[in-house]
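One structure is given below, encoded as structure tokens.
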There are 2 protein chains.
Amino acid sequence: MSGPQRPPVLADVAERAGVSAMTVSRVLNGTANVAEATRTRVEQAVADLGYRANTAARTLAGGRSRTLGVVGVETPYYGPSSVVFAIEAAARASGHAVSLVSLQRTDAAEMRAALDRLRLAHADGVVVLAPISAAVDAVADLPPDVPHVIASADPTAGLATVAIDQAAGARLATRHLLDLGHRTVHHVRGPRSWIDAGARASAWRRELRDAGRPVGHCVTGDWSPHSGYEAGRRLAADPDVTAVFAANDQMALGVLRALHEAGRKVPDDVSVVGFDDTPESAYYEPPLTTVRQDLREVGRRSVELVLAIIAGDAAEQHASVAPELVVRGSTAPPP
Amino acid sequence: MSGPQRPPVLADVAERAGVSAMTVSRVLNGTANVAEATRTRVEQAVADLGYRANTAARTLAGGRSRTLGVVGVETPYYGPSSVVFAIEAAARASGHAVSLVSLQRTDAAEMRAALDRLRLAHADGVVVLAPISAAVDAVADLPPDVPHVIASADPTAGLATVAIDQAAGARLATRHLLDLGHRTVHHVRGPRSWIDAGARASAWRRELRDAGRPVGHCVTGDWSPHSGYEAGRRLAADPDVTAVFAANDQMALGVLRALHEAGRKVPDDVSVVGFDDTPESAYYEPPLTTVRQDLREVGRRSVELVLAIIAGDAAEQHASVAPELVVRGSTAPPP
DNA sequence: CGCTGCCATGGTAGCGCTAACATGTAGACC
DNA sequence: GGTCTACATGTTAGCGCTACCATGGCAGCG
């Protein structure tokens with residue numbers, strides 16, 4: 001009867017091209033030397049047959065799976081999905097599949113279990129999304145069985161990391177407000193356990209010190225708009241406050257509302273800067289000046305780095321993605 | 001010297017337990033009958049050696065990979081990440097790994113390529129997150145090579161689906177407003193191409209018709225707060241408008257702002273209901289009455305259904321998750 | 001001209017597991 | 001007691017691919 005119901009295998013390609021299976025394998029993997037004519041013939045046969053290499057067999061025989069693992073931390077605040085999707089896109093571009101594992105908690109045991117699952121899935125490398133210090137610590141404690149990269153963490157000795165340059169972003173925000181003429185800047189920071197929150201807060205403080213300015217109030221929130229609102233009420237009560245830097249856009253939203261209720265106009269009386277550039281922030285009232293993080297770039301660079309580590313030619317263990325200040329309507333010179 | 005550097009394989013377990021490799025395999029897979037004593041001995045050997053079955057070998061020899069594929073559509077509005085994470089959690093609970101592929105566009109070619117990639121990854125089954133009609137159509141056109149389930153789509157002939165019962169949610173919202181005494185309800189709907197938007201809009205209309213009420217205005221937004229704001233300005237201009245049902249919380253936020261600016265108090269003058277119950281909505285001013293979608297449950301049920309289809313004992317091709325009305329401060333009887 | 005060395009290719013032997021069949025044992029029933 | 005059946009287990013043969021070593025051919029060289 002008709003053609004093969006069963007998908008073609010390597011041997012079929014070999015037969016059609018009139019070469020051995022080994023030669024086909026070499027062409028497919030680009031290893032060793034193959035004569036130009038032979039290579040062309042094999043590639044033609046592959047195309048004719050619509051051959052696709054069997055991943056399981058490749059993994060079993062060769063040890064490599066062309067799969068990257070991603071460990072995601074499940075949280076309603078952080079936007080890990082864009083990083084995950086960016087990782088997937090970058091991995092796809094390099095011919096890798098993506099295996100996903102998520103963490104309910106971020107203790108060492110869960111992290112260990114997650115990495116174990118990815119080893120079971122034969123992941124060639126792993127990208128860990130670890131916005132919380134405890135998660136980084138958990139990874140640091142693990143033996144590096146599988147090459148891994150931590151995304152969104154500060155450069156740490158012994159760990160490969162990729163992150164938004166939080167310090168640069170926080171300094172951009174603070175400097176922008178100082179440049180407008182504000183005497184100092186007050187800060188609504190994120191929770192203690194979050195790496196990014198700490199990085200933003202200390203860079204804010206450093207920028208003020210470097211500029212020889214008094215350091216403003218620092219109120220701790222939990223990333224939620226509500227916590228921003230609470231912080232905003234406290235800051236609104238102080239007439240000296242003319243500039244606020246909130247560690248994320250959601251808290252900035254809360255600050256905006258609190259200031260509005262207190263009758264202090266933004267940006268005429270008080271300027272507000274956020275961090276993240278969420279899709280909503282351009283529609284806030286007024287549109288929010290904020291620091292844009294290119295999370296897609298973080299994903300891309302993470303894949304790049306983990307592939308370099310796998311290949312054994314990672315020149316640099318840390319990659320940093322520059323954030324960008326987006327000036328909108330919530331900042332102006334002080335009254 | 002010391003123990004095996006190489007991780008233990010099935011043969012090691014067999015030897016230690018004093019049985020054949022096949023028997024170990026049977027114990028591991030729970031297939032066929034194994035004497036109780038033998039099973040215990042094998043399990044002990046597995047535990048002693050810390051044996052983990054090799055996924056690649058299992059897949060190659062058995063055809064099953066214990067991997068589920070997820071096709072995600074990348075969009076800033078929909079919250080697919082919670083569904084993805086829920087799928088991962090459910091898959092993990094059933095002993096499956098998760099392979100992720102994302103779509104930049106939602107045409108048939110991209111969808112085909114995505115499913116092809118997952119077939120290459122030997123996915124036993126696939127869950128497609130397809131909030132846009134075009135994506136569903138693309139799947140419907142494909143041969144069902146691999147068992148698949150569409151999440152967040154209306155029940156469609158020939159396709160297995162799991163979805164929030166959008167109609168029930170929209171009716172809950174509408175009925176709540178009618179029950180409070182409003183004469184009719186106006187609607188800010190989502191974009192045409194989105195399945196959920198259409199489902200919510202027609203259920204809103206149906207509920208009003210069933211109640212014998214006049215059908216209010218229906219304004220189309222794009223899910224963004226800005227579009228909600230625009231819609232809200234139009235509705236605010238009409239003094240007869242006392243109740244608005246927005247198809248998502250972000251647009252509801254825009255409506256709230258527009259009403260506020262127009263000097264119409266919420267909920268005293270106008271009641272507003274959203275849809276989604278995002279983490280922020282409880283912190284809006286006033287806190288938003290909305291329809292909660294249990295997206296985690298959608299993920300869980302999707303995995304359940306696709307596993308049932310794989311096993312060949314799917315009693316029902318469609319699963320529906322009931323939404324829930326969350327009454328907060330944005331709704332009250334009409335003035 | 002015979003040796004070395006490199007290149008292109010082939011053969012063989014698994015990687016670790018499971019499907020399919022084969023075997024052996026014990027009880028059931030006439 | 002013998003055949004039948006059911007169950008517990010073993011044996012064999014791959015799944016599709018790649019590592020490793022072997023082979024043959026040909027240029028370079030003294």
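Proteins come first, then strands; the chains are lettered A, B, ... in the order of their sequence lines, and each starts at number 1.
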Okay, side chain of [X], backbone of [Y]: is any donor-acceptor separation there less than 3.5 Å?
X	Y	answer
A:Asp124	A:Ser65	yes
B:Glu110	B:Gln104	yes
B:Ser102	B:Val73	no
B:Thr67	B:Ala97	no

For A:Ser20 and C:dG11, is the shortest distance between a side-chain N/O and OP1 or OP2 below 4.0 Å?
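False: A:Ser20 side-chain N/O out of range (4.0 Å or more) of C:dG11 OP1/OP2.
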Would you say C:dC17 has OP1 or OP2 under 4.0 Å from some side-chain N or O of B:Thr59?
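No.
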Qualifying residues under salt bridge (Lys or Arg N to Asp or Glu O under 4.0 Å), relative to B:Arg112, sequence neighbours excluded
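Scan of B:Arg112 (salt bridge (Lys or Arg N to Asp or Glu O under 4.0 Å), adjacent residues dropped) gives none.
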Nearest-Å distance, NE2 (A:His122) to C1' (C:dC17)?
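Rounded to whole Å, this separation is 11 Å.
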Nucleotide D:dC7, atom P - distance to CD of B:Glu36 in whole Å
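My rounded result for the distance is 16 Å.
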Do the side chains of A:Glu297 and A:Arg301 get close enough for a salt bridge, i.e. N-O under 4.0 angstrom?
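So A:Glu297 pairs with A:Arg301 through a salt bridge.
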Walk along nucleotides 13-21 of chain D from 5' to 3' and tag each nucleotide B, S or - by protein heavy-atom contact under 4.0 Å, base first, then sugar-phosphate.
-BBBBSBB-
